Number of protein chains: 2
Amino acid sequence: MVARYERIADELREEILSGAHPVGTQLPSEAELAARFGAARGTVRQAVAVLAAEGLVGSRQGARRIVLGNAPSQSFAELHSFAQWARANGYRYEGRVIEQRRRPATAAEAARLGSGEVLDVLRVRSLEGEPVLVERTAYAAWVAGEVERLPPDCESVTQALYDAIGLVFAYGEHLIDAVPAGAQDARLLGVRRGSPLLRQRRVTTTHEGRPVESSDDRYRAGSVTFSIRNSIGANPLVRQAGDLRFRP
Amino acid sequence: MVARYERIADELREEILSGAHPVGTQLPSEAELAARFGAARGTVRQAVAVLAAEGLVGSRQGARRIVLGNAPSQSFAELHSFAQWARANGYRYEGRVIEQRRRPATAAEAARLGSGEVLDVLRVRSLEGEPVLVERTAYAAWVAGEVERLPPDCESVTQALYDAIGLVFAYGEHLIDAVPAGAQDARLLGVRRGSPLLRQRRVTTTHEGRPVESSDDRYRAGSVTFSIRNSIGANPLVRQAGDLRFRP
DNA sequence: TAGGTGGACTTGTCCAAACAAGCGAGCACC
DNA sequence: GGTGCTCGCTTGTTTGGACAAGTCCACCTA
């Protein structure tokens, strides 16, 4: 059973993406939409709030809503899971485990994952036959057993863990920066040592706030970009000073 | 006049950041909060929705809300404006215009900015006395005059434009990736050519959806990272395939 | 013509109520 | 001891109404 406001949001989104409401034009008023969909104004507001969160429409008190964009946005699953993202976009992709072992958690990992031992996995993922991503993931002890049971060429760890134990990745914190390729990165990705990589460090937790994994993903420059749409009202992307100290 | 739900959100946020609700614990139920603040449940829901959007709390139907984090998040202004971000975080910062000229817009810029001519500005910004950012911005013609009037060492263009003509940057779209430093980048930032830079390309618009600027910002590796918290419900960060074609 | 003003329209905020849907603890039963 | 089930609690969805606050246009006036 899909909520009413979601169906309304879907229909409006479809209209925007199809060009029925071109960028820069006004959306019908909430009252008009409520009449059209036979719903209360509050329900319509929830629907347009969804579109606003996606960056498709903007709003100001007193003025009609304006269409800001017409590019589809992606779901959390597609951000979290390389495989789900690649599949949703029609890319050919693969994954391969290079190395896998249990080891004691570092102090930082213990704090992030709440786990004294971690399962360390080094994976390489390919898009269209080319290696684009080196993924170094530390899994918390409570999922380590399930992860070890997966085949080395498992396409989607996220999917496999959901199928096996109903595990859902629900929240994530991501740090994005650029780093030079180390010797191992360079070898695995087929680039020169020191060449630029886009790094995404993340910690993911379940619905209950239980940490699952901590990962350091490095993308070959040019293979992948991150895209954020935000507005003055609410935005989750923030800038932080780097770890490096500035030269004295 | 601050909205009630915002005051409630502020109070709850304060409690979370101060440790009154440690990470991993449950928040009081909506009914309890409503009683405590003397507000309707709907108002309390708006307040916790704000916290959820900031990634501080999670929620599941049927179960109590859980505290997910205790790190403060930043505002849109701090993402958009280097100066506002630096000031809010207590850093010493500077900005300097290296080059500035009007030129015809490229086809892509014309499409993004809706402007046949643009004002091209090359700026270098420093943090704690060290150059960390090279900013190449194309301003739409309708703000070019105001920008040209600013002093070359203007600290905050965002602030100056607001003071001068009441211009508010309200929406932004950002593309983040990693690139090697070009010759000019290397010279301006004091790094080796080819060393990794974190690139943020963005297009910003006003409340009315009118494009203001299109910019290519390159940060020295290690100086700045971007941080995103997201959840399965709503997330604005998406991954995109890069511009580069994969090798044949 | 330029400028101000009023009022209709639109979005933002808040309330009160009702039901649906999911979670979790305690209980009975095997 | 473990398994399954019921029931109370909590969050999710929806409605309808009311007022506040801001925008925008048409009209009036100097």
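Quick caveat: nothing in here was measured; it's all calculated off a predicted structure. The chains referred to below are lettered A, B, ... by the order of the sequence lines, with proteins before strands, and numbering in each begins at 1.
Summary of the strand contacts: A/Q26 and A/E6 both lie near DNA chain D, and taking for each the nucleotide with the nearest heavy atom, the more 5' one is attributed to A/E6.
A sub-4.0 Å separation between OP1 or OP2 of D/dT13 and a side-chain N or O of A/T43 is absent. A close approach under 4.0 Å does not occur between any side-chain nitrogen or oxygen of B/R60 and OP1 or OP2 of D/dC9. OP1 or OP2 of D/dG12 has at least one side-chain nitrogen or oxygen of B/R45 nearer than 4.0 Å.
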Without placing hydrogens or testing angles, list every side-chain donor-acceptor pair under 3.5 Å for residues 61-69 of chain A, not counting sequence neighbours.
| from | atom 1 | to | atom 2 | distance (Å) |
| --- | --- | --- | --- | --- |
| A/R64 | NH2 | A/E32 | OE2 | 3.0 |
| A/R65 | NH2 | A/E30 | OE2 | 2.4 |

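Scanning DNA chain C for stems, defined as runs of 3 or more consecutive Watson-Crick or G-U wobble pairs whose donor-acceptor distances all fall under 3.5 Å, gives the following ranges: C:1-30 with D:1-30.
Of the candidate nucleotides C/dT13, D/dT11, C/dC14, C/dC14 has the atom nearest to the side chain of B/R4.
With sequence neighbours excluded, the residues that form a side-chain hydrogen bond (donor to acceptor under 3.5 Å, both in side chains) with A/R125 are A/E135. A/V203 is linked by a side chain to side chain contact (heavy atoms under 4.5 Å, CB included) to A/R112, A/S214, counting only residues two or more places apart in sequence or in another chain. Partners of B/P22 by side chain to side chain contact (heavy atoms under 4.5 Å, CB included), not counting sequence neighbours, listed by chain and number: B/T25. B/R87 is linked by a side-chain hydrogen bond (donor to acceptor under 3.5 Å, both in side chains) to B/Y93, counting only residues two or more places apart in sequence or in another chain. Not counting sequence neighbours, A/Q26 has no partner by the side-chain hydrogen bond (donor to acceptor under 3.5 Å, both in side chains) test. Annotation: side-chain hydrogen bond (donor to acceptor under 3.5 Å, both in side chains) contacts of B/R36 (sequence neighbours excluded): B/E11, B/E15.
Ion pairing between A/D216 and A/R201 fails under the 4.0 Å rule for side-chain N and carboxylate O.
In this structure, B/L51 CG and B/H21 NE2 are separated by 10.0 Å, a value rounded to the nearest 0.5 Å.
B/E208 places its CD atom 15 Å from the C1' atom of C/dT11, with the value rounded to the nearest Å. Residue A/F37 contributes atom CZ, which lies 12 Å from atom P of D/dT15 at whole-angstrom precision. Across the protein-nucleic acid pair, B/Q46 atom CD and C/dC14 atom P stand 6 Å apart, rounded to whole Å. As a whole-Å value, the separation of B/R41 CZ from C/dT13 C1' is 17 Å. Taking atom CD1 of A/I8 as the reference point, atom C1' of D/dT14 lies 10 Å away to the nearest angstrom. When the C1' atom of D/dT10 is taken as reference, atom NE2 of A/H207 falls 15 Å away, rounded to whole Å.
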Polar pairs (N or O, both sides) under 3.5 Å between protein and nucleotides 6-10 of chain C?
| from | atom 1 | to | atom 2 | distance (Å) |
| --- | --- | --- | --- | --- |
| C/dT10 | OP1 | A/R64 | NE | 3.4 |
| C/dT10 | OP1 | A/R64 | NH2 | 2.4 |

